[in-house]
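Worksheet: one structure, shown below.
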Amino acid sequence: MRYQDQVVKMTQKALEDLCRAALAVPADRQEWVPGGDARSTLSQMQEVATSARFFLPLLRSGDAPDFDEHALRQTRALRASFATIEECVTAARSSLTQLCQAISEVPEERLEDEMVLPFGGGTTMTTADVLMLPYWNMTYHLGQVNQLQLMLGDCEMH
């Protein structure tokens, strides 16, 4: 199996795991936050629903999108346009098709190419690493949603 195919398989499963967990959060608790800078389940799913805007350019050309104030405002407005977990799930599943197509089309010879991403003042990653970013992002949010569920008293494995 090619590396790209394994990444696609893992990414698809990660999204389904995340969607199942998020949809299990009661409707009246989807915007609940435990305090501080913690984020609600809805907020996290809004990010996942719109993450293709960031990941697709990276996967297709190695170009990171702008992170200037205008771009951030646009992203926040797009995220806010998803009012429910169900809307987020639909959008995330739709964009997953594009993400997986882009992952599967990355040529083997590009896997070791390096690119600098605008995180933490600049982070260097290989293309192989970048292919895993959507998967990583979804599993990161799955853990957060699971923690919120535990805090709400839901100990069931969804």
Side-chain angles (χ1 to χ4, degrees), residues 4-60 63-106 117-123 125 128-158:
Q4 297 89 321
D5 298 332
Q6 181 64 24
V7 172
V8 165
K9 181 178 156 184
M10 293 171 62
T11 303
Q12 290 169 330
K13 182 175 183 326
L15 180 61
E16 286 311 307
D17 291 346
L18 174 58
C19 291
R20 188 175 51 255
L23 289 166
V25 173
D28 66 333
R29 304 304 266 171
Q30 292 177 354
E31 294 187 62
W32 177 78
V33 293
D37 291 329
R39 294 173 55 199
S40 69
T41 301
L42 178 60
S43 171
Q44 292 173 68
M45 290 303 293
Q46 288 168 325
E47 178 183 323
V48 171
T50 60
S51 64
R53 288 175 52 119
F54 174 75
F55 293 126
L56 282 171
L58 282 174
L59 296 170
R60 291 181 174 151
D63 295 328
D66 289 330
F67 278 96
D68 60 20
E69 191 54 41
H70 175 70
L72 293 174
R73 274 194 309 276
Q74 285 182 314
T75 298
R76 283 191 291 272
L78 179 59
R79 287 178 182 172
S81 73
F82 297 103
T84 67
I85 299 283
E86 291 78 11
E87 289 174 10
C88 295
V89 166
T90 298
R93 286 177 173 156
S94 176
S95 67
L96 182 69
T97 301
Q98 294 176 311
L99 283 171
C100 289
Q101 182 70 32
I103 290 167
S104 68
E105 291 175 353
V106 172
L117 303 179
F119 308 120
T123 300
M125 298 181 90
D129 296 331
V130 170
L131 294 184
M132 290 294 291
L133 287 176
Y135 164 80
W136 173 86
N137 187 255
M138 290 174 204
T139 57
Y140 171 79
H141 289 298
L142 174 61
Q144 292 178 316
V145 169
N146 287 336
Q147 179 64 30
L148 290 170
Q149 288 171 316
L150 286 171
M151 294 176 84
L152 290 168
D154 180 355
C155 298
E156 183 179 334
M157 182 79 158
H158 297 283

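Along the sequence shown, the residues carry numbers beginning at 1.
Looking at Gln4, its side chain never comes within 3.5 Å of a backbone N or O of Glu105 through a donor-acceptor pair.
The CZ atom of Phe55 sits 9.0 Å away from atom CD1 of Ile103, with the distance rounded to the nearest 0.5 Å. Interatomic distance, Leu18 CG to Leu23 CG, rounded to the nearest 0.5 Å: 9.0 Å. With rounding to the nearest 0.5 Å, the separation of CE in Met138 from CG in Leu133 is 11.0 Å. To the nearest 0.5 angstrom, Gln46 atom CD is 13.0 Å from Arg76 atom CZ. For the atom pair CD (Gln98) and CD (Gln101), the distance works out to 9.5 Å, reported to the nearest 0.5 Å.
Residue pairs meeting the salt bridge (charged side-chain N to carboxylate O under 4.0 Å, His left out) criterion with at least one member in residues 79-103, sequence neighbours excluded: Glu16-Arg93. Screening residues 17-36 for salt bridge (charged side-chain N to carboxylate O under 4.0 Å, His left out) gives Lys13-Asp17, Asp17-Arg20 as the qualifying pairs, with residues at least two apart or on separate chains. For residues 144-158, the side chain to side chain donor-acceptor pair (under 3.5 Å) pairs, not counting sequence neighbours, are Tyr140-Gln144, His141-Gln144, Asp154-His158.
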* Stepwise side-chain contact (heavy atoms from CB on, under 4.5 Å) check, Leu15 with Leu99 -> CA-CA 12 Å; Leu15 180 61; Leu99 283 171; over 6 Å; no
* To do: In sequence, state the C-alpha distance, the side-chain angles, and the governing distance for Leu131 and Val106, and then conclude on side-chain contact (heavy atoms from CB on, under 4.5 Å).
  => CA-CA 9 Å; Leu131 294 184; Val106 172; 3.6 Å; yes
* To do: Apply the test side-chain contact (heavy atoms from CB on, under 4.5 Å) to residues Cys19 and Met45: give CA-CA distance (whole Å), side-chain angles for both, the deciding distance (0.1 Å), then the verdict.
  => CA-CA 8 Å; Cys19 291; Met45 290 303 293; 4.3 Å; yes
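Residues Met125 and Leu58 have side chains not in contact (no heavy-atom distance under 4.5 Å, counting atoms from C-beta outward).
Pairing each heavy atom of Val8 with each of Cys100, the nearest pair is CG2-O, 3.6 Å. Heavy atoms only, all atoms of each residue included: Ala49 and Ala91 are closest at CB-CB, 3.9 Å. Across all their heavy atoms, Gln30 and Ala22 have their closest contact at NE2-O, 4.4 Å. Leu152 and Trp32 make their closest contact through CD2-CE3, 3.8 Å (heavy atoms, listed as atom of the first residue, atom of the second, distance). Heavy-atom minimum distance, Val145 versus Val25: CG1-CG2, 4.2 Å. Pairing each heavy atom of Ala83 with each of Leu42, the nearest pair is O-CD2, 3.7 Å.
Residues satisfying the side chain to side chain donor-acceptor pair (under 3.5 Å) test with Ser43, not counting sequence neighbours, are Arg39. Asn137 meets the side chain to side chain donor-acceptor pair (under 3.5 Å) test with Glu47; sequence neighbours excluded. By the side-chain contact (heavy atoms from CB on, under 4.5 Å) test, Ser94 pairs with no residue at all, sequence neighbours left out.
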